[in-house]
Amino acid sequence: MSCAPSAHIPHPPVRKAVFPIAGLGTRFLPATKASPKEMLPVVDKPLIQYAVEEAYASGIRQMIFVTGRTKRPVEDHFDTAYELETELERTGKHELLALARSIAPDDMSCVYVRQPRALGLGHAVLCAQELIGNEPFAVLLADDFMQGSPPVLAQLLGEYQRSGQSVIAVMQVAREQVSSYGIVAGAADHAGVIQIERMVEKPEPELAPSNTAIVGRYVLTPSVLHELRDIAQQALSNPAHTGEIQLTDGIARLAATQGVRALPFAGTRHDCGSKLGMLQATVDQALQHGELKAAFKQWLIAKAASL
Ligand code: G1P
């Protein structure tokens, strides 16, 4: 079958976003011993809120969180904080009240499903399959702190609307870093969008087909669920299989059947799963923060000069 993008066909809208958040966050211990890593703040907002805001700003209204045992604070964050709101109302703190309420707009719905065992990103997405149904959907990894204008997910949705194919965000990484990422290769069109021909999860640098790495934004057609179910079934019926069910493997199968596009997005990305990335995101965000940017920039320049 041809994988050429099919223009002019109306493609079903993407209404749902999946946030896999069951991971333990061991790279951030001790901070994550009793708190979810997704609740770590970049300046004054938890990581997960940036990702949810990106999905909302891209037109998505149904947020599906794939959670684990220690993730209750994420549910509370997107719920009404009754005592807080009552207190802010009583004391006339209207701006703060509006801020607290804006976290979960009335037209946004949040649903939660558990991933009972840490069997990988593909397994996390499968945990949401009944909530996703037979619709295209987005996946956002909150650890990947991504900013763009338009938002990175909106850029992917634009490409999905043009091609009707699944679309994933990619960027170039250093050769020695390829073993931390899903890596793709294929032919780029005039706009730089790659029609994926090869895809491999975390290859050794000498085996990697390119330096083009998948970063945490995906728009996927529902057929990926079928592929993931098949991969999971094979894995679970093989007693020797102890590994994870990779989302990349499901998408690689889609690339061979329906076609998958890799979009080198416009914007920035920090790996907030790492301490260095978290610090970089914090500095970036502080330099854009209405209240802080002037004072922070002054301090940063003086600090840099003293190093
Ligand atoms: C996951 C994906 C990988 C992707 C990465 C982006 O890996 O499996 O393909 O490149 O996210 O951050 P993880 O970082 O969860 O190990």
Side-chain angles (χ1 to χ4, degrees), residues 17-28 32 36-38 40 42 47-48 50-51 54 65-68 71 115 117-128 137-148 152-153 156 166-186 194 196 198-205 207-220 224 227-228 231-232 235 243-255 260-265 267-278 280-281:
V18 176
F19 301 86
I21 58 166
L24 291 176
T26 46
R27 285 198 282 172
F28 267 101
T32 49
K37 68 172 172 177
E38 295 76 16
L40 294 175
V42 173
L47 271 175
I48 187 67
Y50 287 97
E54 181 183 333
F65 299 85
V66 182
T67 76
K71 306 293 174 157
Q115 182 182 18
R117 286 188 294 155
L119 290 178
L121 188 55
H123 178 256
V125 170
L126 268 186
C127 289
F137 60 100
V139 177
L140 295 94
L141 308 184
D143 269 5
D144 277 322
F145 186 84
M146 293 171 69
Q147 294 201 303
V152 177
L153 184 62
L156 265 62
S166 298
V167 186
I168 62 183
V170 292
M171 64 183 276
Q172 296 300 307
V173 297
R175 192 39 76 158
E176 60 273 18
Q177 289 178 352
V178 293
S179 56
S180 302
Y181 295 93
I183 299 295
V184 308
I194 299 162
I196 296 178
R198 290 186 63 195
M199 237 178 135
V200 44
E201 179 71 4
K202 305 196 172 110
E204 291 305 323
L207 298 177
S210 78
N211 294 11
T212 308
I214 305 170
V215 280
R217 300 294 181 271
Y218 308 75
V219 173
L220 300 171
V224 76
E227 302 298 355
L228 287 171
I231 291 169
E244 299 187 334
I245 293 149
Q246 299 297 350
L247 182 56
T248 301
D249 294 341
I251 300 173
R253 288 189 180 194
L254 270 195
V260 178
R261 317 265 295 156
L263 180 76
F265 65 96
T268 57
R269 176 253 181 192
H270 295 295
D271 173 15
C272 283
S274 80
K275 289 169 193 153
L276 182 63
M278 192 73 178
Q280 290 165 342

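Residues: numbered from 1 along the sequence shown. Counting starts at 1 for both ligands and their atoms, following the listed order.
Each of Asp249, Leu247, Thr248 was evaluated against Leu121; a single residue qualifies, Leu247, per the side chain to side chain contact (heavy atoms under 4.5 Å, CB included) test. Each of Val184, Val219, Leu263 was checked for a side chain to side chain contact (heavy atoms under 4.5 Å, CB included) with Ile168, and the lone residue meeting it is Val184.
For atom 14 (O) of ligand 1, no protein heavy-atom neighbour is found at a distance under 4.0 Å.
Across every non-hydrogen atom of Arg217 and Asp144, the tightest pair is NH2-O, 2.9 Å.
Which parts of ligand 1 touch Thr248 is read off a 4.0 Å heavy-atom cut-off, strictly below it: atoms 9 (O). Atoms of ligand 1 found under 4.0 Å from any heavy atom of Asp144, numbered from 1 in the order shown, are 6 (C), 12 (O).
Gln172 pairs by the side-chain contact (heavy atoms from CB on, under 4.5 Å) definition with Asn211, Thr212, not counting sequence neighbours. Contacts of Tyr50 classified as ring pair (Phe, Tyr, Trp, His ring centres under 6.0 Å), with partners at least two apart in sequence or in another chain: Phe145.
Among all non-hydrogen protein atoms, the one lying nearest atom 11 (O) of ligand 1 is Leu141 CD1, 3.4 Å. The single protein non-hydrogen atom nearest to atom 4 (C) of ligand 1 is Ile214 O, 3.5 Å, given as residue, atom name and distance. Lys202 NZ, 2.6 Å is the protein heavy atom nearest to atom 16 (O) of ligand 1. Among protein heavy atoms, the minimum distance from atom 8 (O) of ligand 1 is reached at Glu201 OE2, 2.6 Å.
Atom OG1 of Thr32 is separated from atom CG of Leu40 by 7.0 Å, given to the nearest 0.5 angstrom.
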